[in-house]
Amino acid sequence: MVSIAAFPKCWIHEISDGTMSLEHWIDVSVELEADGLEFYSKFLTSHDSSYLRKIRSRVEEKGMSIPMMCYSPDFTVEEKDLQRQEIDKQIEMIHVTAELGGSFCRVLSGQNRKGLTVETGIERVKYCIEACLKEAETSGVTLVLENHYKDDFWKYREFAQKMDVFIPLVESIKSPWFGVQFDPSNSFVAGDDPLALMDHVLSRIKTMHASDRFLKPGKDWASIVTEDGLIGYPEFLVHGVTGEGSIDYHGIFKRFKNIGYAGWISIEDGVNGMDEMKRSINFLKDMRKKYQLI
């Protein structure tokens with residue numbers, strides 16, 4: 001069965017800086033009728049076990065779970081001591097995910113720093129991810145690499161943003177405790193075909209982020225190429241209700257049906273409020289039923 005989680009994209013900064021409490025988000029999320037909640041690491045005010053147990057209990061009392069942790073390691077750093085710090089922080093988040101009852105913790109490649117070659121970047125990221133896999137196995141948590149655009153708190157875009165870097169990076173890591181968090185919108189933003197990327201990594205997909213993208217009025221595909229040849233974001237592309245934009249969700253769900261996908265899909269939406277997030281979740285529920293992934 002495909003399970004559906006919710007991620008509060010509209011309040012990521014407010015929950016991260018404490019303007020809105022995580023507890024309040026948990027309470028209001030009930031109206032979405034999701035199966036679970038995806039957490040962002042900065043939502044947590046402590047990694048103390050007693051605090052994590054309280055948060056987990058609050059979610060479970062409302063009939064949901066916390067299956068996924070959204071974390072953003074920066075594995076392209078050059079200095080060995082900084083690499084070690086990033087590895088240690090990722091391992092800590094693996095442990096936090098396990099304490100919250102989660103099974104999946106996101107990893108990223110890191111920032112696409114100036115002068116970083118593809119070969120060197122893949123080597124650094126591969127080394128760092130593999131250094132975390134023993135703890136992942138021990139904790140029962142699978143690391144999922146997302147084809148990401150850019151963490152909100154980073155200076156540079158994702159190193160493995162485009163599929164010609166993302167695919168060889170994924171293929172270089174062989175472990176049952178490592179997989180892919182597929183995000184079709186990020187593929188679109190990168191100027192790649194989401195379904196083409198999905199076909200390459202389909203057997204490795206463990207989780208998925210679901211959102212949608214819309215071109216602003218007066219813009220077309222040719223007009224949103226930026227100076228560096230990548231797709232402009234967020235200037236020309238905006239969020240909206242999932243299933244009503246540029247992403248071919250029927251193509252995605254057909255592929256999931258073909259492999260009997262039984263993972264989590266997290267609705268990374270709601271930039272325009274809870275109403276749109278609810279409509280997006282209802283759309284995913286309808287797709288789940290249509291393609292018999294229940």
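Not measured: the values here are computed from a predicted model. Count residues from 1 along the sequence.
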### Query
Quick one: does I129's side chain get under 4.5 Å of Q90's, heavy atoms only?
no
### Message
Any side-chain to backbone donor/acceptor pair from K162 onto A190? Under 3.5 Å, distance only.
### Response
yes
### Task
State whether a side-chain donor-acceptor pair under 3.5 Å links T76 with R113.
yes
### Query
If every non-hydrogen atom of H95 is compared with every non-hydrogen atom of S139, which pair is closest and at what distance?
CD2-OG, 3.4 Å
### Query
Does any non-hydrogen side-chain atom of M68 lie less than 4.5 Å from one of F39?
no
#### Entry: Worked verdict on T242 versus S211 for side-chain hydrogen bond (donor to acceptor under 3.5 Å, both in side chains)
CA-CA 5 Å; T242 301; S211 60; 5.8 Å; no
### Message
E86 and side-chain hydrogen bond (donor to acceptor under 3.5 Å, both in side chains): which single residue from R84, Q83, K89 fits?
### Response
K89
### Query
Any link between M93 and L37 through a network of hydrophobic side chains (Ile, Leu, Val, Met, Phe, Trp, Tyr) touching at under 4.5 Å?
yes
Show the atom names and distances, to 0.1 Å, of all donor-acceptor pairs under 3.5 Å that link a side chain in residues 163-180 to residues at least two apart or in another chain.
residue, atom, partner, partner atom, Å
S172, OG, L169, O, 2.7
K174, NZ, E171, O, 2.7
S175, OG, W177, N, 3.0

### Residues H148 and Q161: side-chain donor-acceptor under 3.5 angstrom
no
### Task
Please check if M198 and F104 belong to a single hydrophobic cluster, counting links between Ile, Leu, Val, Met, Phe, Trp and Tyr side chain heavy atoms closer than 4.5 Å.
no
## Note on the structure
I15 and P8 have their tightest heavy-atom pair at CD1-CG, 3.8 Å
### Query
Residues in side chain to side chain contact (heavy atoms under 4.5 Å, CB included) with K290, at least two apart?
H250
### Query
Would you say T97's side chain and G102's backbone share a donor-acceptor pair under 3.5 angstrom?
no
#### Entry: Side-chain heavy-atom pair I87, C132 within 4.5 angstrom cut-off
yes
### Task
Could you go through the side chain to side chain contact (heavy atoms under 4.5 Å, CB included) check for L44 and M69 one step at a time?
CA-CA 11 Å; L44 302 169; M69 176 63 69; 4.0 Å; yes
### Message
Hydrophobic clusters here meaning ILVMFWY residues chained together by side-chain heavy-atom distances under 4.5 Å, can you tell me if L145 and Y156 are in one?
### Response
no
### Donor + acceptor pair across side chains of S49, E99 (<3.5 Å)
yes
### Task
I would like to know whether V107 and Y71 meet side chain to side chain contact (heavy atoms under 4.5 Å, CB included); could you show each step before the answer?
CA-CA 6 Å; V107 292; Y71 184 58; over 6 Å; no
### N147 side chain to D183 backbone, donor-acceptor under 3.5 Å
yes
### Path from Y291 to I259 over hydrophobic side-chain contacts below 4.5 Å
yes
### Query
Would you say I94 and L143 make side-chain contact, with heavy atoms under 4.5 Å?
yes
### Task
Run the numbers on D74 and F159 for side chain to side chain contact (heavy atoms under 4.5 Å, CB included), then give the verdict.
CA-CA 10 Å; D74 190 0; F159 165 68; over 6 Å; no
### Message
Counting only heavy atoms not in E119 (residues, nucleotides, ligands), do more than 12 fall under 6.0 Å from its CD?
### Response
no
### Task
Could you tell me which residues satisfy side chain to side chain contact (heavy atoms under 4.5 Å, CB included) with S46, sequence neighbours excluded, listed by chain and number?
D48, Y51
### Task
Is it possible for you to say whether L116 and L108 belong to one hydrophobic cluster, with membership spreading through side-chain heavy-atom contacts below 4.5 Å?
no
### Task
Go through K257 and Q292 one step at a time and tell me if the side chain to side chain contact (heavy atoms under 4.5 Å, CB included) criterion holds.
CA-CA 7 Å; K257 179 175 174 58; Q292 300 177 327; 3.1 Å; yes
### Query
Are D17 and K42 ion-paired here, with the side-chain N under 4.0 Å from a carboxylate O?
no
#### Entry: Taking every non-hydrogen atom, the tightest pair across G245 and D212
N-OD2, 3.0 Å
### Query
With a 4.5 Å limit on heavy-atom distance, are the side chains of S266 and W264 in contact?
no
### Message
Please tell me whether E14 and T19 have a donor and an acceptor in their side chains that are separated by less than 3.5 angstrom.
### Response
no
### Student check: side-chain heavy atoms of T45 and L22 closer than 4.5 Å
no
### Task
Applying side chain to side chain contact (heavy atoms under 4.5 Å, CB included), name anything that partners R279, two or more places apart in sequence or on another chain.
V241, E244, D275, E276
#### Entry: Partners passing side chain to side chain donor-acceptor pair (under 3.5 Å) against D35 (at least two apart in sequence or in another chain)
R288
### Message
Is any side-chain heavy atom of I12 closer than 4.5 Å to one of F43?
### Response
yes
### Contacts of E146 that satisfy side chain to side chain donor-acceptor pair (under 3.5 Å) - sequence neighbours left out
R106, Q181, N186, H209
### Message
Does the Lys NZ or Arg CZ of K80 fall within the cation-pi geometry relative to Y127 - under 6.0 Å from the ring centre and within 45° of the axis?
### Response
yes
### Message
Quick check: Y249 with F283 (ring centres under 6.0 Å apart)?
### Response
yes
### Query
Taking it one step at a time, do D151 and Y40 satisfy side-chain hydrogen bond (donor to acceptor under 3.5 Å, both in side chains)?
CA-CA 11 Å; D151 185 83; Y40 182 52; 3.1 Å; yes
### Query
Under a 4.5 Å cut-off applied to non-hydrogen side-chain atoms, are K278 and E31 in contact?
no
### Query
Would you find a donor on one side and an acceptor on the other, under 3.5 Å apart, between the side chain of S29 and the backbone of I26?
yes
### Message
If I compare all heavy atoms of P73 with all of W154, which pair ends up nearest, and what's the gap?
### Response
O-CZ2, 3.4 Å
